There are 2 protein chains.
Amino acid sequence: MAYTVGQVAKAAGVTVRTLHHYDEIALLSPSGRSSAGYRRYDDDDLERLQHIRYYRELGFPLEEIAAILDDPASDPAAHLRRQHELLSGRITKLQEMVTAIEFAMEARKLNIPLTPRERFEVFGDFDPDAHAEEAEQRWGGSAAYEESNRRVARYSKDDWLRNKAENEDWGRRLAEVMASGAPAGSPAATELAEEHRQLISRWFYECSYEIHTGLADMYVADERFTAYFERIRPGMAAYLSEAIHVNAINRA
Amino acid sequence: MAYTVGQVAKAAGVTVRTLHHYDEIALLSPSGRSSAGYRRYDDDDLERLQHIRYYRELGFPLEEIAAILDDPASDPAAHLRRQHELLSGRITKLQEMVTAIEFAMEARKLNIPLTPRERFEVFGDFDPDAHAEEAEQRWGGSAAYEESNRRVARYSKDDWLRNKAENEDWGRRLAEVMASGAPAGSPAATELAEEHRQLISRWFYECSYEIHTGLADMYVADERFTAYFERIRPGMAAYLSEAIHVNAINRA
DNA sequence: GCTCCCGCCTGCCGTTACGGGAGGGTCAAG
DNA sequence: CTTGACCCTCCCGTAACGGCAGGCGGGAGC
């Protein structure tokens, strides 16, 4: 089969101008011309264009694409394998970006400032995924996230202020309980732990006891979250963490 | 905290020149300058740069990024949500591209030509994933794929020729059995069905009876595969399909 | 206090991958 | 035989930087 520029352009999702350009730089020259000088593309040309499109999507410059496509050492099948591999890589990277975004969202909820390093982890050339993986585990599956995002999306500025106020009030009361000398396993403390859980459930996502204890562990393991609670009152991170655990056991 | 261009550039994974450019076009102007005219970026600048980087990764032109970042109607949290959504979309698209590649690989194995439409399905603007989903179901999980690809990667040109020869020989013999008038359920036919299964197992991937009957269904359901067998001998697709099913039952 | 090197500054020209016409031929349908 | 859709070849424009020149600034080591 033979196709005109217009047909090829439409099928491949590119403009005619692009095909002209590819012809100019000899990246993809149609295998023939009509008597009137019209470009005629055949199936082999289409296969080449297919590879071009995939490599382009993967960010390769045209010159490099020409080089690898004209490399006699690799056949079409090899290109498919290579593209498969590269695409998988891209997907992983994008997934890391997604978790990074989720991380930033979570940090925002608690007003925890991100370090420059955290902001650009996925872009920077420092050692990859070490932290990303960790973060993944922390706020694992997107189940709770999705819900949280759906809800948060509808919040007005007023809602946010109320949320913040409730949060601060809760923090003050927990600090008071700590000051009173009541142990983390005491009813006063576990009651506030339970309230914390319900606060999250009401504002963000259905927070099960399991998720809650997960958060508790994070609060002591991750310095940024630790710092957040420590700023309210020294020792609060560990205190709250223990209270949450006891509360979860009590209610089970 | 305040940072210099160099520090910001390194952290964010961009060049200093890029930051200069962003300053020039007023996309990201540092919040201050030192007495000597050095650019000083603060944390808010970093947050803005963070959003810029994500939107750029998503393919937005700088001008548009400036517009949406300066839009008073959306705050940082809104951007995070938007980026989350867009990233998820990109991931889905890339995954579709991966299955398209796998589709092309499978087609190559059988020397089935792809239609222009199939080549560029993921790029074109025709109705999405209708076929993609279908294809997914057909050669479902990547378990068999991965193995197939691993093996195929090591094949020499000679291997391919031997494979092709074996394949053609098998086709000829099946055509003979059909010509002899033996029904699809006859030992002669099911024997060749079994041989087909072992051919696949030897060359591509461990082909269980279950996978094999799956392939059989595909051979009659997908016109491209049907056409492949029909070209060897009319009626072969249905004949082989039945033989494979009978063989699977017999051996169970 | 001086030097030295590294980092920062402002132009300014170059490049990639096309976009988008202008001006003019072509082809199939009515 | 016209007409509208499609094709051709120039040719200029643009976005997003890359990269260098030529010159100032600054801090650490002598």
Side-chain angles (χ1 to χ4, degrees), chain A residues 1-42 45-46 48-69 116 120 123 125, chain B residues 1-42 45-46 48-69 116 120 123 125:
Chain A
M1 268 296 271
Y3 313 87
T4 67
V5 256
Q7 291 170 329
V8 173
K10 192 172 179 193
V14 298
T15 67
V16 170
R17 181 65 183 82
T18 299
L19 293 177
H20 284 175
H21 183 61
Y22 289 172
D23 191 3
E24 266 177 44
I25 63 172
L27 171 59
L28 176 67
S29 302
S31 52
R33 293 273 186 143
S34 80
S35 57
Y38 284 25
R39 291 174 178 78
R40 317 247 85 184
Y41 294 84
D42 66 11
D45 296 332
L46 285 195
R48 189 174 170 95
L49 179 54
Q50 176 192 341
H51 291 307
I52 293 173
R53 286 243 61 195
Y54 275 97
Y55 279 126
R56 273 259 66 200
E57 182 76 30
L58 287 161
F60 285 76
L62 299 186
E63 200 177 343
E64 202 168 330
I65 295 178
I68 57 188
L69 286 184
F120 303 107
F123 298 111
D125 32 7
Chain B
M1 270 296 271
Y3 313 87
T4 68
V5 256
Q7 291 170 328
V8 174
K10 192 172 179 194
V14 299
T15 66
V16 170
R17 181 67 183 81
T18 299
L19 293 176
H20 284 173
H21 183 61
Y22 290 173
D23 192 1
E24 266 178 43
I25 64 172
L27 170 60
L28 175 67
S29 302
S31 52
R33 294 273 184 144
S34 79
S35 58
Y38 285 25
R39 291 175 177 79
R40 318 247 85 184
Y41 294 85
D42 66 12
D45 295 332
L46 285 196
R48 191 175 169 93
L49 180 54
Q50 177 193 341
H51 291 306
I52 293 174
R53 287 243 59 194
Y54 275 98
Y55 279 127
R56 274 257 67 198
E57 182 75 29
L58 286 161
F60 285 76
L62 299 186
E63 201 176 343
E64 203 168 329
I65 295 177
I68 56 189
L69 286 184
F120 304 106
F123 298 111
D125 33 7

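Since the model is a prediction, treat every value here as computed from it, not as a measurement.
Here the P atom of nucleotide D:dT9 and the NE2 atom of A:His20 are 6 Å apart, to the nearest Å. Atom-to-atom, CD of B:Glu64 to P of D:dA15 comes out at 13 Å; the value is rounded to the nearest Å.
The end-to-end axis angle of the helix from C:dG1-D:dC30 to C:dG30-D:dC1, rounded to 10 degrees and based on five pairs per end, is 10°.
Checked by atom type and distance alone, the side chain of B:Arg53 pairs as donor or acceptor with a backbone atom of B:Ala12 at under 3.5 Å. Counting only distance, with no hydrogens or angles, the side chain of A:Gln7 and the backbone of A:Thr4 share a donor-acceptor pair below 3.5 Å. In terms of modelled atom types and a separation under 3.5 Å, the side chain of B:Asp45 and the main chain of B:Ser31 share a donor-acceptor contact.
Annotation: of the two residues near DNA chain C, A:Glu63 and B:Val5, the 5′-most nearest-nucleotide partner is B:Val5.
Atom CG in A:Leu28 sits 11.5 Å away from atom OG1 in A:Thr18 (nearest 0.5 Å). Rounding to the nearest 0.5 Å places CD1 of A:Ile65 at 10.0 Å from CZ of A:Arg48. Atom-to-atom distance recorded for B:Leu27:CG and B:Ile52:CD1 is 3.5 Å, nearest 0.5 angstrom.
B:Leu19 approaches B:Val5 most closely through the heavy-atom pair CD1-O, 3.5 Å. The two residues B:Gln50 and A:Phe120 make their nearest non-hydrogen contact at CA-CE2, 3.4 Å.
Within the structure, salt bridge (charged side-chain N to carboxylate O under 4.0 Å, His left out) pairs that include any residue of residues 24-34 of chain A comprise A:Asp23-A:Arg33 (at least two apart or interchain). The ring pair (Phe, Tyr, Trp, His ring centres under 6.0 Å) analysis of residues 48-69 of chain B, with sequence neighbours excluded, yields the pairs A:Phe123-B:Tyr54, B:His51-B:His79, B:Tyr55-B:Phe60, B:Tyr55-B:His79.
At least one side-chain heavy atom of B:Ser34 sits under 4.5 Å from a side-chain heavy atom of B:Arg40. Using a 4.5 Å heavy-atom threshold, the side chains of B:Leu62 and B:Arg56 count as touching.
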Output one line per pair: protein atom, nucleotide atom from nucleotides 17-20 of chain D, and distance, for all N/O pairs under 3.5 Å.
from, atom 1, to, atom 2, distance (Å)
D:dC17, OP2, B:Tyr22, OH, 3.0
D:dC17, OP2, B:Arg56, NH1, 3.3
D:dG18, OP2, B:Thr15, OG1, 2.6
D:dG18, OP2, B:Thr18, OG1, 3.3
D:dG18, N7, B:Arg17, NE, 3.3
D:dG18, O6, B:Arg17, NH2, 3.1
D:dG19, O6, B:Arg17, NE, 2.6

Interface polar pairs with nucleotides 24-29 of chain D, N/O, under 3.5 angstrom:
from, atom 1, to, atom 2, distance (Å)
D:dG25, O4', B:Tyr38, OH, 3.2

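As judged by a 4.0 angstrom heavy-atom cut-off over every strand, B:Arg33 is placed among residues touching the sugar-phosphate backbone only.
First and last contacts of DNA chain C with chain A, using any nucleotide atom under 4.0 Å from a protein heavy atom and ordered 5' to 3', fall at C:dA17 to C:dC27.
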Go through it in stages, so that I can follow the logic: the residues are B:Tyr22 and B:Val14, the test is side-chain contact (heavy atoms from CB on, under 4.5 Å), and I'd like the CA-CA distance, side-chain angles, deciding distance and then a yes or no. CA-CA 11 Å; B:Tyr22 290 173; B:Val14 299; 5.6 Å; no
